[in-house]
Trainee: 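There's a structure below that I have some questions on.
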There are 4 protein chains.
Amino acid sequence: MADSDKHILLMDGPDTKGLIYHVTGVLFRHNFNIIHNDEYVSPSGQFFMRTEFEAGVTHESINGPELLDELRSVIPAGITLRLNPKKKKNIVVMVTKEHHCLAELLIRYAFDELDADILAVVSNYNTLQPLVSKFGIPFHYISHEHRTREEHEEAILRTLAIYQPEYLVLAKYMRVLTPGFVNHFPNRIINIHHSFLPAFIGANPYRQAYERGVKIIGATAHFVNNDLDEGPIIAQNVKGVDHRHTAADMATEGKDVEKIVLSQALKLVFNDRVFIQGNRAIVL
Amino acid sequence: MADSDKHILLMDGPDTKGLIYHVTGVLFRHNFNIIHNDEYVSPSGQFFMRTEFEAGVTHESINGPELLDELRSVIPAGITLRLNPKKKKNIVVMVTKEHHCLAELLIRYAFDELDADILAVVSNYNTLQPLVSKFGIPFHYISHEHRTREEHEEAILRTLAIYQPEYLVLAKYMRVLTPGFVNHFPNRIINIHHSFLPAFIGANPYRQAYERGVKIIGATAHFVNNDLDEGPIIAQNVKGVDHRHTAADMATEGKDVEKIVLSQALKLVFNDRVFIQGNRAIVL
Amino acid sequence: MADSDKHILLMDGPDTKGLIYHVTGVLFRHNFNIIHNDEYVSPSGQFFMRTEFEAGVTHESINGPELLDELRSVIPAGITLRLNPKKKKNIVVMVTKEHHCLAELLIRYAFDELDADILAVVSNYNTLQPLVSKFGIPFHYISHEHRTREEHEEAILRTLAIYQPEYLVLAKYMRVLTPGFVNHFPNRIINIHHSFLPAFIGANPYRQAYERGVKIIGATAHFVNNDLDEGPIIAQNVKGVDHRHTAADMATEGKDVEKIVLSQALKLVFNDRVFIQGNRAIVL
Amino acid sequence: MADSDKHILLMDGPDTKGLIYHVTGVLFRHNFNIIHNDEYVSPSGQFFMRTEFEAGVTHESINGPELLDELRSVIPAGITLRLNPKKKKNIVVMVTKEHHCLAELLIRYAFDELDADILAVVSNYNTLQPLVSKFGIPFHYISHEHRTREEHEEAILRTLAIYQPEYLVLAKYMRVLTPGFVNHFPNRIINIHHSFLPAFIGANPYRQAYERGVKIIGATAHFVNNDLDEGPIIAQNVKGVDHRHTAADMATEGKDVEKIVLSQALKLVFNDRVFIQGNRAIVL
């Protein structure tokens with residue numbers, strides 16, 4: 001059975017008794033197979049459930065809108081329901097000059113390991129054009145020079161409008177985005193920050209890390225909201241360093257952490273495993 | 001509401017459609033609160049579910065035998081059901097001469113962090129008697145000298161019979177137990193092995209690790225079955241080393257890993273979070 | 001040869017050509033064995049060397065003051081030289097109410113694994129007196145109630161004056177020390193902070209970590225200077241968490257990290273392996 | 001000053017008093033700058049030293065053969081001395097069908113982060129030819145079909161003879177090499193094995209890991225000698241898994257570990273930081 005026959009049901013809202021019972025009852029009556037089912041109830045009483053299921057081979061196929069209606073009829077009104085067919089996401093990647101995260105995504109994409117299609121790469125420099133061209137993906141060089149921040153973002157938005165990406169991945173895009181821009185993609189922009197947030201917010205985190213004399217460096221993949229480096233954290237990882245590492249050494253070592261953490265976070269997001277609750281990411 | 005009002009339902013058996021639906025239905029009709037619910041279906045089609053629930057404050061209390069009967073009536077016969085009130089386990093700890101794992105357990109027990117009561121400590125040496133006596137716990141020195149292996153184990157079994165422990169924890173007990181002994185405690189003996197199993201099975205793993213020149217050492221907490229160091233693995237952890245570490249240095253560094261891994265594994269087991277499937281531990 | 005026959009030479013100062021050559025030349029002419037020799041030159045040109053050596057069995061014993069004079073005669077004046085016999089340090093441990101770090105130190109001390117003698121424990125609560133008394137170590141309960149901060153610190157200083165410790169270990173001492181107090185022990189106070197500094201400076205780091213939704217928690221052992229949580233970092237470690245961990249769960253999980261990191265940092269300090277350069281700890 | 005002006009002196013042999021003194025004396029008299037100096041003496045009395053140094057700007061340049069002669073005149077005959085200018089190594093990469101390690105090396109090479117030049121890629125399948133061709137590197141498809149093992153290796157050796165590589169990197173080359181082949185490249189073949197050696201030697205380590213139910217998987221970069229998976233270990237790393245990971249999931253997760261560990265190991269080897277002592281790698 002192909003992935004396209006699989007669906008993912010996402011529910012979140014105030015917890016009440018019987019939510020699992022009622023929802024699994026609907027799937028049971030349709031004779032659907034539950035492949036994975038994960039729930040979480042937060043200390044504040046918020047319920048989250050991700051159910052991956054499929055129609056049995058000899059049974060009815062999945063009619064999304066009808067199924068959603070039926071599910072809505074058995075659960076309280078305050079619960080949000082989403083039903084996604086299991087499929088690759090469409091994304092655009094934004095970069096500046098550093099190649100390591102972009103290259104990681106390109107290689108995974110080229111070998112069908114990304115759970116997404118890279119529609120295009122957008123950059124404020126043309127440095128990485130040769131790399132991107134190796135993979136036959138459109139590269140849009142949109143310089144920020146001689147443009148106001150708003151003009152620059154407008155130009156980017158015009159390009160993005162061509163591709164209509166579901167997610168925007170900032171793979172070392174080194175400019176701060178305005179709230180105006182971010183609001184176009186609510187919970188749909190993922191950034192990799194080169195520190196173990198919330199340590200070393202802002203510019204030059206490895207320089208800050210060196211000066212503070214930390215013994216571990218890290219990287220953080222997070223959703224972008226309107227506060228710099230403050231959105232919900234999806235994944236983090238770290239690596240030991242010592243006094244022998246200069247800030248430049250830390251940056252070099254850190255790249256390996258950054259690219260892997262970003263890839264791990266994208267895998268979670270692209271498989272519909274991440275819910276957002278306030279400033280926290282719930283990963284089921 | 002005290003822990004004693006909470007119950008844990010454990011189910012495992014061949015997966016069929018509707019298991020979650022039927023079980024949560026029973027709990028829903030009794031008006032019980034599901035606190036945590038975790039399921040897993042193995043690739044071979046085995047279903048596992050752990051449901052932590054409690055009776056609501058104004059509602060009926062939980063009658064275990066009746067509830068089990070009712071649950072059995074809605075699920076297929078091949079499913080194993082267990083219903084445990086949430087409470088501390090009773091354990092006996094067995095040791096030889098090394099103190100670090102035992103001390104870790106004693107301190108956690110003394111500060112009510114073990115999820116278990118240590119009824120007694122049994123050792124084939126009296127080395128650790130002074131440590132145990134600080135904590136007011138019975139210490140049984142049962143030497144293996146001048147006894148056959150069977151006589152020694154018989155003596156231990158007579159002592160264990162006094163305490164009737166639910167679990168036996170081998171906190172660096174350095175003698176191999178016979179199948180005859182192990183059979184008295186099926187899936188109820190937990191051992192800490194001082195290597196990253198299956199590397200370095202058997203004696204002197206740090207010496208073996210040194211000679212092999214590994215760059216990481218580890219420790220493994222596992223259930224004991226009749227094959228030495230071969231039972232289901234509950235938890236593992238590791239630590240980096242380098243060529244400067246002698247075998248003795250590795251043993252010293254390894255102790256920190258061993259005691260924490262053992263504690264983590266016990267926490268999982270004592271909270272009824274571990275199922276056994278063949279030679280694998282399923283941790284929900 | 002006992003540890004007392006071993007010495008550790010510590011050098012630091014501006015790098016110039018020939019420092020290793022001149023110093024090893026002196027040791028060579030005395031026929032001393034170099035057991036370990038580690039150097040580091042910082043990017044700013046500061047030289048650090050730690051040399052562990054011993055007199056050969058049939059040769060002259062080590063006369064510290066004479067040897068220091070001789071070494072000073074072959075190196076530039078700006079280099080700081082220290083010569084320590086290899087031996088245990090004398091320490092006092094300060095705590096508040098949490099037991100886990102203190103217990104770790106007491107157990108290591110009881111089994112001669114601490115590289116230090118715990119002369120006494122000082123606390124602003126009497127909560128941990130029963131634990132300390134098990135190990136036969138003086139416990140000084142010096143309440144901060146009905147005292148100004150200065151009066152409280154004066155009382156502590158009077159007690160410390162009895163013991164003359166080389167190092168003060170803050171094993172979860174939850175009060176901020178004044179600069180006046182800290183100045184009595186320059187680079188001789190070691191603290192364990194329950195976060196991955198510089199993230200979550202100050203109070204309630206696990207609460208902060210929970211609210212920020214981090215995926216990794218950590219602990220930091222550092223020297224105390226006059227800025228809260230800002231002294232040179234000696235050791236750090238981390239542990240993965242997820243959205244299921246409440247702030248209380250993080251605190252519980254974090255304890256295992258805290259106590260091991262503190263022990264590791266103390267081992268480094270007590271073996272004269274830590275130099276301080278500005279706000280950075282150089283570990284050789 | 002360019003890297004080409006830097007040299008690396010490598011010494012190993014039986015430890016005797018004064019080795020550091022005599023060698024640093026020669027460098028001091030030539031007015032050379034020691035940039036890094038690392039030593040290690042094994043418990044069995046073997047001395048290892050790696051000294052990175054450079055000629056001062058206004059001073060004599062480094063005459064390798066003369067300097068080696070002079071160094072040999074001040075140290076015992078049993079010590080091995082090597083003097084390498086600091087420069088990139090020439091390598092050939094061998095692969096089968098999996099792309100992840102090769103792609104990692106190609107990207108690093110393309111962005112000058114590998115400390116080596118990839119002269120060619122050799123494979124027993126043509127699967128990865130399109131990837132390699134993106135980077136303008138010769139790809140030699142040398143099928144093992146219709147050839148005996150010896151004929152196949154002969155064909156590979158003829159191709160390698162064209163390039164005369166200093167190192168051969170097996171980036172998931174899935175065939176066992178004969179001793180006859182290995183002997184052509186003593187301590188010059190580096191392999192990545194997809195397990196935490198010595199666990200799961202041989203074929204299908206992730207399948208083995210799944211069946212054993214391990215909670216951590218790993219990867220090992222090691223030199224190849226004549227015993228399969230038994231050569232000196234250069235670097236290892238690990239990643240947590242749980243019962244939800246199938247063998248295929250483990251393989252997917254493991255790829256991220258494999259490619260990073262291989263890169264780390266190569267960085268060490270290509271910077272002349274790895275000595276071999278019996279079956280152990282000493283990394284200075």
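Just so you know, these numbers use all the heavy atoms, side chains as well, and skip hydrogens, waters and symmetry mates. Order of the sequence lines sets the chain letters (A, B, ...), proteins ahead of strands, with each chain counted from 1.
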Trainee: Roughly how far, to the nearest 0.5 Å, is CE of C:Met250 from NE2 of C:His194?
Mentor: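 So the gap between those two atoms works out to 13.0 Å.
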
Trainee: I need the residue from A:Val214, A:Leu197, A:Val41, A:Asp242 with the largest number of non-hydrogen atom pairs under 4.5 Å to chain C.
Mentor: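 The option with the most such pairs is A:Val214.
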
Trainee: Given heavy-atom pairs under 4.5 angstrom as the criterion, report whether the side chain, backbone, both or neither of C:Gln208 touches chain A.
Mentor: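 Neither part.
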
Trainee: Select one option (side chain, backbone, both, neither) describing which atoms of A:Asn279 are under 4.5 Å from chain C's heavy atoms.
Mentor: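 Answer is both: backbone and side chain atoms of A:Asn279 are under 4.5 Å from chain C.
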
Trainee: Return the orientation label for the C:Phe270 and C:Tyr167 ring planes: parallel under 30°, perpendicular over 60°, tilted otherwise.
Mentor: tilted

Trainee: Output yes when A:Arg212 and C:Glu230 qualify as a salt bridge under the 4.0 Å nitrogen-oxygen rule, no when they do not.
Mentor: yes

Trainee: Given that the side chain runs from C-beta out, which part of A:Gln277 has a heavy atom under 4.5 Å from chain C: side chain, backbone, both or neither?
Mentor: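 Neither part; nothing is under 4.5 Å.
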
Trainee: Can we say A:Asp115 and A:Lys86 salt-bridge, meaning some charged N sits less than 4.0 Å from an Asp/Glu carboxylate O?
Mentor: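 Not counted as a salt bridge, because no side-chain N and carboxylate O are separated by less than 4.0 Å.
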
